**Student:** 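Take this structure, written in structure tokens, and hold onto it; I'll ask about it next.
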Amino acid sequence: MKPTGIRAIKVLNSLARPTIAVRVKTSMCEGWGSAPSGTSKSSFEAVEFIQNADLSIELFNNYAKKLIDFNFQNFDDFEEVEKIINVGNAGGSAVIALEYAMLNALAQERKRPLWKVLNPNAKAFPRILANVVGGGQHATNSIDIQEILVAPKAKSISEAVFTASEIYHKIRFELAKKDKHFLSGRTAEGAWTTSLPDETALEIVDRIAGRHKSEIGIDMAATSLFVRGKYLWRNFSRQQKGIHADEKKHIELMEQISNRFHLFYIEDPLHQDSYKAFSDFNKASNKYSRKLVCGDDLISTNLSRLKVAVEQNSINAVIIKPNQIGSLFKAKQVLDYAKKKDIIPVLSHRSGETNDSILAQLAFGWQAPFVKFGLAGGERTAKLNELIKIEQNL
Ligand code: PGA
Ligand code: ZN
């Protein structure tokens with residue numbers, strides 16, 4: 001595949017904010033890609049824009065001329081592409097949109113699904129982690145936990161998706177009964193919001209998920225709870241409100257909910273700098289049964305941070321978000337290293353998404369054991385429905 005024309009434009013994401021889409025034209029086809037964006041970002045993430053989307057686009061369109069006629073034949077060629085366009089000269093969003101567009105063009109030219117271009121031997125489908133109730137920075141006046149997630153144990157993607165959707169609607173019904181203030185509000189990722197305490201929300205999800213052969217997990221996104229050295233829980237339970245927990249107390253609360261509500265997956269239980277506390281929590285969580293302790297902000301899809309975490313045994317799972325590092329090439333390196341070290345990679349959407357569905361193709365092509373996508377909203381369903389299509393061989 002050789003680009004004959006490359007152009008970036010400003011488009012809207014699901015948070016009604018600007019993002020970048022790129023079109024790559026070749027003599028045979030055109031491929032599109034667009035970049036997501038986070039709300040609860042870590043401080044280690046790559047810059048999205050050079051100042052703003054407009055300037056990034058201007059800079060990108062200039063550098064992109066150097067990629068005309070670049071001979072792009074496989075994923076590893078991105079190493080060369082990134083010598084020409086990278087986070088430093090165009091911002092991470094432009095790089096990610098470009099790389100998605102190039103892969104889409106390559107797949108079209110090869111007349112194959114993208115996953116097959118990446119890996120013709122892909123077989124296993126990922127398990128889904130679906131966000132059903134949320135709060136934190138993804139909503140106002142909802143729970144402290146950013147995401148309560150369900151992971152159906154299903155024989156197929158389709159069964160997993162529709163099981164999760166059944167759970168999602170049953171939860172809505174329960175919330176409507178129990179929460180006087182419930183307005184069917186949704187978080188940035190389409191999960192229900194509620195004025196009930198965290199414990200009550202967990203109790204509802206645990207009960208309903210349990211009836212549908214599904215496990216439950218949370219993304220604590222604990223950095224966003226961290227205020228002047230303490231974790232602030234506004235509405236932990238009916239009895240306990242406004243807890244300013246030091247690290248020890250916070251870990252106690254996390255262990256309490258983890259055991260009581262049978263969590264099998266806990267993402268970012270602690271602040272983004274806490275390798276050592278993660279390690280203590282990981283050890284304690286895996287003492288009697290296996291639980292996934294996952295690093296999102298802690299790692300920020302950064303290979304050197306992952307290496308430190310592996311060394312300190314801080315986690316046994318890791319979130320992969322290509323735009324956190326502003327390079328699909330580097331994101332893949334993080335995923336590969338994680339697999340090599342028996343750390344479970346979880347390919348994840350962001351709160352600010354577009355209807356780009358490439359994450360589903362990447363997840364299957366890269367054989368990611370888990371994906372974290374939302375359930376509601378076109379930008380979320382685009383990815384789940386793409387997985388269903390892959391499964392149906394369409
Ligand atoms: P985001 O958060 O808002 O940064 O995309 C999602 C997450 O923390 O997993
Ligand atoms: Zn997270």
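Every number for a ligand or one of its atoms is a count from 1 in the order of the listing. Keep in mind that this is a model prediction, so the values were computed, not measured. In this chain, residues are counted from 1 in sequence order.
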**Student:** Only heavy atoms of E147, strictly under 4.0 Å: list the atoms of ligand 1 that pass.
**Tutor:** 6 (C), 7 (C), 9 (O)

**Student:** Under 4.0 Å from ligand 1, counting heavy atoms only, is it the side chain of Q137, its backbone, both or neither?
**Tutor:** neither

**Student:** So, do W192 and F173 have ring centers that fall under 6.0 Å from each other?
**Tutor:** no

**Student:** Backbone or side chain, does any N or O of D296 fall under 3.5 Å from an N or O of ligand 1?
**Tutor:** yes

**Student:** Quick test of your reading of the model: are E174 and R207 salt-bridged, counting only N-O distances below 4.0 Å?
**Tutor:** yes

**Student:** Give the atom numbers and elements of ligand 1 that come within less than 4.0 Å of a heavy atom of E267.
**Tutor:** 9 (O)

**Student:** Report yes if the side chains of S279 and S314 come closer than 4.5 Å at any heavy-atom pair, otherwise no.
**Tutor:** yes

**Student:** Are D144 and R234 within salt-bridge range, i.e. N to O under 4.0 Å?
**Tutor:** yes

**Student:** Is it true that S40 lies under 4.0 Å from ligand 1, counting heavy atoms only?
**Tutor:** yes

**Student:** Cation over ring, K307 on Y337, under 6.0 Å and within 45°?
**Tutor:** yes

**Student:** Which residues satisfy the side chain to side chain donor-acceptor pair (under 3.5 Å) test with E80, sequence neighbours excluded?
**Tutor:** K83

**Student:** Could you list the atoms of ligand 1 found under 4.0 angstrom from a heavy atom of E189?
**Tutor:** 6 (C)

**Student:** Quick check on K372 - does any of its heavy atoms sit under 4.0 Å from an atom of ligand 1?
**Tutor:** yes

**Student:** Measure from NZ or CZ of R17 to the centre of the six-membered ring of F49 and say whether it is under 6.0 Å with the direction within 45° of the ring axis.
**Tutor:** no

**Student:** Provide, to 0.1 Å, the distance between atom 4 (O) of ligand 1 and the closest protein heavy atom, together with that atom's residue and name.
**Tutor:** R350 NH2, 2.6 Å

**Student:** Looking at ligand 1, would K321 count as a contact under a 4.0 Å heavy-atom criterion?
**Tutor:** yes

**Student:** Between F226 and H271, what is the ring plane arrangement, given parallel below 30°, perpendicular above 60°, and tilted in between?
**Tutor:** tilted

**Student:** On the ring face of F44, is R305 found with NZ or CZ under 6.0 Å from the centre and within 45° of the axis?
**Tutor:** yes

**Student:** Which residue holds the protein heavy atom closest to atom 5 (O) of ligand 1, what is that atom called, and what is the gap in Å?
**Tutor:** S351 N, 2.8 Å

**Student:** Identify which protein N/O/S atoms are less than 2.8 Å from the Zn ion (ligand 2).
**Tutor:** D219 OD2, E267 OE2, D296 OD2

**Student:** How would you list, by chain and number, every residue that makes a side-chain contact (heavy atoms from CB on, under 4.5 Å) with S14, sequence neighbours excluded?
**Tutor:** E353, E379, R380

**Student:** What are the atoms of ligand 1, with element, lying closer than 4.0 Å to any heavy atom of G38?
**Tutor:** 1 (P), 3 (O), 4 (O), 5 (O)

**Student:** Could you list the atoms of ligand 1 found under 4.0 angstrom from a heavy atom of D219?
**Tutor:** 7 (C), 8 (O), 9 (O)

**Student:** What do you reckon, does Q146 have a nitrogen or oxygen under 3.5 Å from a nitrogen or oxygen of ligand 1?
**Tutor:** yes

**Student:** Which residue is it: I320, D219, L347? I am looking for the one with a side-chain contact (heavy atoms from CB on, under 4.5 Å) to K372.
**Tutor:** D219

**Student:** Less than 3.5 Å between some nitrogen or oxygen of T39 and one of ligand 1, yes or no?
**Tutor:** yes

**Student:** I'd like to know if the side chain of S195 pairs up with that of D179 as donor and acceptor (distance under 3.5 Å, no hydrogens or angles considered).
**Tutor:** yes

**Student:** Would you please classify the geometry between the F72 ring and the F70 ring as parallel, tilted or perpendicular, with 30° and 60° separating the classes?
**Tutor:** tilted

**Student:** Looking only at distances, please establish whether an N/O atom of ligand 1 is found under 3.5 Å from an N/O atom of E45.
**Tutor:** no

**Student:** Could you list the residues that satisfy side-chain contact (heavy atoms from CB on, under 4.5 Å) with N89, not counting sequence neighbours?
**Tutor:** Y63, I85, N86

**Student:** Mind checking whether S348 has an N or O less than 3.5 Å away from an N or O of ligand 1?
**Tutor:** no

